[in-house]
Protein chains: 2
Amino acid sequence: MERAQRGDRLERADRARQAELGGGMSPPRRRPRIADVAREAGVSKTAVSFAFNSPERLSAETAGRIRSVADGLGYRPNPVARMLTQRRTMTLGVLTPQALAVIFSNPFFALFSEGVAQAAEDLGYELHFISPLHGSLALAVGRSTVDGVVAIGLSAEHPEVEQIRGAGLPMVLVDSDDLPEHSSVVVDDEAGARAAAEHLVALGHRNVLVLAVEEAEESPGGALARDTHPPTTAELGRSESVTARRLRGYRAVFEEAGTAIDDDDVIAGRASIDGGGAAFQRAWRLGRRPTAVLAMSDAMAIGAMTAARAVGLRIPEDISVVGFDDIDLAAHVDPPLTTVHQPVRQKGADAVRLLIAEIEQRVASRPEHLRLPTRLIVRSSTGPAPAAGRTR
Amino acid sequence: MERAQRGDRLERADRARQAELGGGMSPPRRRPRIADVAREAGVSKTAVSFAFNSPERLSAETAGRIRSVADGLGYRPNPVARMLTQRRTMTLGVLTPQALAVIFSNPFFALFSEGVAQAAEDLGYELHFISPLHGSLALAVGRSTVDGVVAIGLSAEHPEVEQIRGAGLPMVLVDSDDLPEHSSVVVDDEAGARAAAEHLVALGHRNVLVLAVEEAEESPGGALARDTHPPTTAELGRSESVTARRLRGYRAVFEEAGTAIDDDDVIAGRASIDGGGAAFQRAWRLGRRPTAVLAMSDAMAIGAMTAARAVGLRIPEDISVVGFDDIDLAAHVDPPLTTVHQPVRQKGADAVRLLIAEIEQRVASRPEHLRLPTRLIVRSSTGPAPAAGRTR
DNA sequence: TACTGTCCCTAAACCGGTTCAGTAAACCGG
DNA sequence: CCGGTTTACTGAACCGGTTTAGGGACAGTA
């Protein structure tokens with residue numbers, strides 16, 4: 001009965017398809033379903049399911065026959081249907097508030113993804129990148145089919161955080177530990193920034209330019225006006241962004257050395273080579289003539305080096321440059337970049353491990369908060385401050 | 001998990017009973033389903049579905065009420081269930097035969113992904129990266145839930161190609177047009193390689209080292225032994241890989257100039273900075289003393305430059321280096337890299353557009369084959385060949 | 001003989017949505 | 001007052017699997 005009805009439908013569907021194609025073509029074969037295999041093998045759907053998932057529940061002979069019938073038909077269990085019944089997708093989401101195209105142009109993110117991918121692969125999970133769809137991160141989150149989410153660069157203010165929590169989706173935050181009830185992985189940004197600043201102070205620098213990573217706001221209706229202006233001190237006070245933590249580190253050291261870094265000394269740009277170059281140029285045009293640059297990403301530092309050379313400065317004789325992250329490339333530019341190393345790959349891998357632990361254990365687990373170390377790597381892009389008066 | 005499900009059921013039963021009795025404890029809230037919303041709003045499941053997907057089929061009043069009940073319950077349609085009925089996932093797969101961790105360390109791939117992500121976002125699709133799971137690409141493909149696949153670096157020999165075709169999954173090939181029945185996007189690798197080689201020949205170079213991209217084989221049982229040895233001429237003859245096409249271009253030019261590039265002049269390595277460095281070192285240790293390096297990727301070229309400097313060579317006075325791809329970084333290394341530009345972002349975007357066209361139009365469409373141009377960008381990493389006899 | 005336990009397999013319920021086919025009520029022109 | 005539309009909504013089938021609960025055959029035991 002059920003069979004008769006189903007057959008009827010199929011026949012109709014096939015006819016429609018053939019009509020579309022003008023008929024007469026080789027059968028545009030419909031993907032076989034479990035019922036087709038069952039019929040062909042003369043067993044129940046259950047048996048077919050067992051043959052794939054728990055063969056020990058069938059006699060070896062039956063299991064083998066079912067599998068060979070399935071192979072013959074080219075049958076593959078539909079993964080979506082499987083997800084539905086198992087209520088697991090074996091997929092992890094990587095959530096970023098920025099467009100994927102922006103993300104992939106950032107070498108830091110590539111490094112992070114490497115760590116994420118390595119751990120996910122090892123543990124048998126697939127990866128799904130979640131970023132704003134039609135400008136809405138919420139929409140993308142709602143549409144995505146993942147067992148959990150690694151959120152990077154997502155601060156507590158983002159409304160999506162609430163949505164994810166509401167959906168009961170396990171989440172691990174990276175570079176933010178604002179939400180104590182979610183596990184998190186951060187690095188000691190402030191200490192790293194201090195180390196970088198102390199290095200410059202020790203070399204005699206007192207006139208420094210900070211290249212901050214601009215924090216893109218994607219909120220659909222929200223004011224986005226901060227395109228170029230740096231985050232003000234007030235803003236940084238209440239937000240615990242990476243930028244804020246690093247800036248605090250820089251500032252503390254220079255204040256101790258008797259020179260304040262004020263808002264004019266901080267300029268924001270995209271975390272890319274071009275973004276760093278543009279930011280440096282902007283500062284230069286505004287008349288800033290620093291003896292050193294503290295960039296919050298290596299990509300920006302590299303862009304700044306190129307831009308500095310373009311206005312005739314030698315590195316490190318005329319101007320010193322310090323980066324942040326220690327991406328692979330940092331050692332290969334000329335001069336090799338002095339930078340703050342952070343274990344980016346490990347950050348990704350640890351986040352995934354934390355996330356999967358949460359997904360796989362049913363009992364509510366205490367969130368863990370990891371803080372990984374940073375350390376200064378001195379290469380050749382930094383040197384003694386040029387003698388005063390010869391700043392140009 | 002079995003236990004978990006059973007628990008879930010009991011919980012549901014209990015909750016139903018509690019609801020009947022009118023008493024309710026604060027529950028470990030289960031995610032609400034469409035039936036919960038329907039009951040709460042006093043309508044059918046169908047009506048709830050309409051409220052979300054075709055509100056015009058309901059009175060404004062009813063639609064509004066349903067939505068607000070849904071909001072109150074925190075209801076979100078389960079995307080997996082939706083995929084199942086609609087038989088669409090609105091997700092595109094990016095298929096690579098290499099591990100994701102390897103892929104992300106390749107700047108070329110980042111650039112490609114940028115293009116892919118941009119186009120996918122514009123057209124409302126999500127992105128799912130598919131790479132070998134537990135060493136099996138076939139397993140990963142079988143498990144993935146996508147409407148179509150962009151395959152990069154996948155040659156016709158890969159058995160997965162057959163699997164994908166068998167599954168009836170739309171696919172676009174990038175950097176391979178071996179399979180005429182699938183759309184493809186390639187660049188004119190051979191012409192690009194010729195241009196690079198001609199540039200070197202014109203500068204007087206006759207002793208050149210080629211850094212080839214090693215083509216990782218992932219076939220589970222297959223021989224993998226080619227770790228370091230370059231692809232032999234015979235192998236390259238039958239395969240139409242990128243490496244093969246570029247090598248053919250290099251060879252043709254040098255043969256015309258009277259110097260053959262033989263297998264000893266070709267060394268393979270990973271398409272990363274370190275891979276290029278290692279390959280150069282290997283060649284150097286084997287006694288090769290070329291006046292120029294033709295690298296098949298910019299990352300390898302940059303690694304080779306660093307390695308060359310490490311053995312005391314100046315660039316371009318002692319040795320010239322030409323890359324391939326023209327990644328953003330190429331202009332920023334020192335000296336700026338002479339390289340063959342290819343429109344990598346566009347390649348990704350075009351592939352996605354072709355794929356989505358195929359997915360969205362019901363009628364079988366003719367596959368399209370795009371071939372994008374390449375062009376040589378001369379910067380400062382190449383110069384005249386050093387006078388003979390002073391090759392060291 | 002009756003009871004118990006295994007082994008192998010199946011019918012039916014279920015996952016959480018969408019969609020088909022239809023129905024009751026309101027509307028509408030003649 | 002009547003047949004014909006529209007409007008607003010619903011019950012049941014369906015997407016393609018997995019899992020629960022249990023049935024029949026057969027062997028072993030009391």
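In the text below, chain A, chain B and the rest are named by the order of the sequence lines, each starting its count at 1.
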Quiz item: Got a second to check how far B:M83's CE is from B:T85's OG1, nearest 0.5 Å?
Solution: 11.0 Å

Quiz item: Of A:F50 and B:A81, whose nearest nucleotide on DNA chain D comes first from the 5' end?
Solution: B:A81

Quiz item: How long is the line joining CG of B:L58 and C1' of C:dT19, in whole Å?
Solution: 14 Å

Exercise. Determine yes or no for a side-chain-to-main-chain donor-acceptor pair under 3.5 angstrom, with A:R82 supplying the side chain and A:P77 the backbone.
Key: no

Quiz prompt | d(CZ, A:R82; P, D:dT18) in whole Å | solution = 5 Å

Quiz prompt | Nucleotide D:dC9, atom P - distance to CZ of B:R65 in whole Å | solution = 8 Å

Practice problem: Once you apply the 3.5 Å cut-off to both distances, tell me the Watson-Crick or G-U wobble partner of C:dG30, or none. | Solution: D:dC1

Quiz item: Looking at B:T85, does any N or O in its side chain come under 4.0 Å of the phosphate oxygens OP1/OP2 on C:dG17?
Solution: no

Quiz item: With a 4.0 Å cut-off on heavy atoms, is B:V43 in touch with a base, just the backbone sugar-phosphate, or nothing at all?
Solution: sugar-phosphate

Quiz item: Between C:dC9, C:dA11, D:dC9, which one does the side chain of A:T46 approach most closely?
Solution: C:dA11

Practice problem: Measure from CE on B:M83 to P on D:dG17 and round the result to the nearest Å. | Solution: 16 Å

Practice problem: List the steps and the verdict of side chain to side chain contact (heavy atoms under 4.5 Å, CB included) for B:Y125 and B:I359. | Solution: CA-CA 11 Å; B:Y125 281 75; B:I359 290 172; 3.9 Å; yes

Quiz prompt | Watson-Crick or G-U counterpart of D:dG22, or none if no pair lies under 3.5 Å | solution = C:dC9

Quiz item: When we call it a touch if two heavy atoms are under 4.0 Å apart, what does A:L84 touch: a base, just sugar-phosphate, or nothing?
Solution: base

Quiz item: In whole angstrom, what separates B:K45's NZ from C:dA21's C1'?
Solution: 16 Å

Quiz item: Given C:dC9, is OP1 or OP2 found less than 4.0 Å from the side-chain N or O atoms of A:T62?
Solution: yes

Self-check item: Phosphate OP1/OP2 of D:dT18: any A:S49 side-chain N/O under 4.0 Å
Solution: yes

Practice problem: May I have the distance from B:Y75 (atom OH) to C:dG16 (atom P), rounded to whole angstrom? | Solution: 10 Å

Self-check item: Separation of atom CZ in B:R87 from atom P in D:dG17, rounded to whole Å
Solution: 12 Å

Exercise. Nearest whole angstrom, please: distance from the P of D:dG16 to the CG of A:N78.
Key: 7 Å

Practice problem: Kindly point out which of D:dT18, C:dG17, C:dA21 is positioned nearest to the side chain of A:I34? | Solution: D:dT18

Exercise. Go through C:dC15, C:dT19, D:dG17 for me and flag the one nearest to the B:R33 side chain.
Key: C:dC15

Quiz item: So, is the end of the B:R33 side chain (NZ or CZ) under 6.0 Å from the ring centre of B:Y75 and within 45° of the ring's axis?
Solution: no

Practice problem: Using atom types as modelled and distance alone, determine if a side-chain donor or acceptor of A:S176 lies under 3.5 Å from a backbone N or O of A:L173. | Solution: no

